[in-house]
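In what follows, a single structure is set out as structure tokens and then discussed.
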Amino acid sequence: MKRRNLLSLIAVIILIAVFSFEYLQEKETQDVIISEGQTEKENTNTYFLPTSTTNSVVHHKFYSLSYSEAHEQAEWVAYELKANQVVSTNHKRPYFQIDKSVKTEGAHWRNYKNSGYDRGHLCPAGDRKFSKEAHDETFLTSNISPQEHEFNSGIWNRLEQKVRYWAKRKDGVFVVTGGILSDELKTIGEEHVAIPEYFYKIIYDQSSKSPKMLGFLIPHENSNEALYKFVVPVDQIEELTGIDFFPQLNDKIENTLERQSSYKNWSF
DNA sequence: CTGTACTGC
DNA sequence: GCAGTACAG
């Protein structure tokens with residue numbers, strides 16, 4: 001029946017139109033003005049969330065995290081760093097606050113006081129300078145890990161600056177970072193905040209038609225070695241952490257990207 | 001940039 | 001607990 005086929009076709013078209021409209025509406029409601037006419041998607045950082053081994057995922061306005069109560073820190077912090085978010089505005093450093101969004105509540109910053117370790121940002125303050133609100137939001141204890149000062153201000157700082165460089169150059173990157181939280185780590189403070197022996201960082205670039213991924217695994221000690229010497233397959237970080245990074249990607253693409261450890265498409 | 005520490009209220 | 005200031009890699 002031709003008439004029936006035509007009616008079905010029209011019905012399908014209408015359904016697609018309705019869903020598209022709703023989809024676009026939803027997208028629009030996610031748009032948020034950050035500053036002076038710049039429109040950014042709010043919570044784009046939630047598009048590529050890793051899995052959680054602790055079932056304790058928290059969404060902040062400008063980054064998300066999965067908290068490990070056993071280690072009193074995040075197992076991962078994930079966010080998008082857009083090219084136009086890399087700015088040099090200076091903000092005063094606020095005090096670290098306990099993250100009220102974490103059900104079990106994060107550690108108090110006093111655990112770090114006189115511990116000999118830095119309150120090392122996972123989502124760096126330097127990546128959220130585009131607004132005071134975004135900057136201050138990184139000063140939650142759920143976003144820090146004990147780091148040796150020479151490591152934090154040394155090779156880790158170098159890597160964070162490289163991420164900002166890539167974000168500008170590649171029109172934005174997605175970042176997932178944290179410490180390797182294994183058993184029987186040394187701890188600091190009354191709440192026993194674990195001191196990771198390794199830190200990892202994964203960068204994902206989807207600005208071109210061929211997406212790119214880069215994983216770093218760095219021992220918790222300063223090093224003057226070139227950063228690319230710490231590049232590892234993301235699969236290795238997944239084995240160490242039990243976390244599945246970028247599960248939203250098409251399996252074939254994900255497998256290919258996470259198996260490799262080539263940095264030839266990344267300029268250091 | 002990445003941070004800590006001290007003084008003083 | 002918070003502000004201001006000084007100092008270090």
Side-chain angles (χ1 to χ4, degrees), chain A residues 62-63 65 72-74 76-77 79-100 105-170 172-173 175-180 186-191 193-203 214 216-230 266-268:
Chain A
F62 299 104
Y63 65 93
L65 64 92
E72 286 292 3
Q73 65 196 277
W76 54 254
V77 169
Y79 60 98
E80 182 183 10
L81 180 57
K82 294 215 147 227
N84 62 7
Q85 290 177 330
V86 182
V87 297
S88 56
T89 318
N90 277 318
H91 301 283
K92 189 187 172 188
R93 287 187 144 237
Y95 280 77
F96 279 95
Q97 303 295 329
I98 289 174
D99 190 342
K100 293 267 168 50
E105 291 215 334
H108 197 280
W109 57 263
R110 274 195 219 93
N111 291 286
Y112 291 75
K113 179 115 177 157
N114 297 321
S115 69
Y117 289 87
D118 277 9
R119 303 158 182 125
H121 277 85
L122 295 176
C123 175
D127 284 5
R128 308 281 85 160
K129 294 177 76 171
F130 49 85
S131 79
K132 187 177 190 305
E133 183 188 11
H135 177 259
D136 286 1
E137 195 181 60
T138 68
F139 285 76
L140 297 170
T141 57
S142 53
N143 184 43
I144 58 173
S145 178
Q147 291 182 339
E148 289 180 10
H149 184 66
E150 293 205 331
F151 170 84
N152 189 16
S153 62
I155 189 167
W156 194 245
N157 188 21
R158 274 198 289 140
L159 178 54
E160 290 176 339
Q161 294 189 44
K162 196 66 73 183
V163 170
R164 286 191 276 274
Y165 166 74
W166 284 324
K168 278 188 290 186
R169 220 162 175 274
K170 296 172 173 294
V173 291
V175 185
V176 184
T177 192
I180 304 289
K186 285 194 290 183
T187 66
I188 56 170
E190 290 182 5
E191 295 177 280
V193 183
I195 306 165
E197 293 177 349
Y198 291 86
F199 287 90
Y200 69 88
K201 199 180 284 285
I202 302 167
I203 322 296
L214 199 57
F216 291 88
L217 183 65
I218 309 185
H220 187 183
E221 61 187 8
N222 194 23
S223 168
N224 292 320
E225 296 267 20
L227 280 171
Y228 58 75
K229 294 198 172 179
F230 298 93
W266 301 76
S267 55
F268 284 77

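Letters A, B, ... are given to chains in the order of the sequence lines, protein chains preceding strands, and every chain is numbered from 1.
Between A:F151 and A:H220, the ring-plane angle classifies as perpendicular under the 30° and 60° cut-offs.
Protein atom CD of A:E148 is 19 Å distant from nucleotide atom P of B:dT2, rounded to whole Å. The distance between atom CD of A:Q147 and atom P of C:dG9, rounded to the nearest whole Å, is 18 Å. The nearest whole Å value for the distance from the CD atom in A:E150 to the P atom in B:dT2 is 17 Å. Summarising the geometry, the separation between CZ on A:F96 and P on C:dG1 is reported as 15 Å, rounded to the nearest angstrom. Between the NE2 atom of A:H220 and the P atom of B:dT2 there is a distance of 16 Å, given to the nearest Å. Between A:Y117 atom OH and B:dA5 atom C1' the separation is 19 Å, expressed in whole Å. Taking atom NE2 of A:H149 as the reference point, atom P of C:dA8 lies 11 Å away to the nearest angstrom.
Ring centroid separation for the pair A:H108 and A:F96 does not come in under the 6.0 Å cut-off.
Annotation: side chain of A:F62 is in contact with side chain of A:F130 (closest heavy-atom distance under 4.5 Å). Residues A:W266 and A:I203 have side chains in contact (heavy-atom distance under 4.5 Å, counting atoms from C-beta outward).
The side chain of A:R119 contributes an N or O atom lying less than 4.0 Å from OP1 or OP2 of B:dT4. Residue A:H121 places none of its side-chain N or O atoms closer than 4.0 Å to OP1 or OP2 of B:dC1.
Counting non-hydrogen atoms under 4.0 angstrom, A:K129 reaches the backbone sugars and phosphates but no base. Counting non-hydrogen atoms under 4.0 angstrom, A:R158 reaches nothing in the nucleic acid. Within the 4.0 angstrom heavy-atom criterion, no nucleotide atom of any strand lies near A:N222. Contact annotation for A:N157: base contact, defined as any heavy-atom pair under 4.0 Å involving a base atom. Nucleic acid contact class of A:E160 (heavy atoms, under 4.0 Å, all strands): sugar-phosphate only. Contacts of A:H108 with the nucleic acid, taken as non-hydrogen atoms under 4.0 Å apart, involve only primed sugar atoms and P, OP1 or OP2. Within the nucleic acid shown, A:G126 comes within 4.0 Å of sugar-phosphate atoms alone, with no base atom in reach, counting heavy atoms only.
Partners of A:K162 under the salt bridge (charged side-chain N to carboxylate O under 4.0 Å, His left out) rule, at least two apart in sequence or in another chain, do not exist in this structure.
At a non-hydrogen distance threshold of 4.0 Å, A:N90, A:R93 from residues 88-95 of chain A come into contact with DNA chain B.
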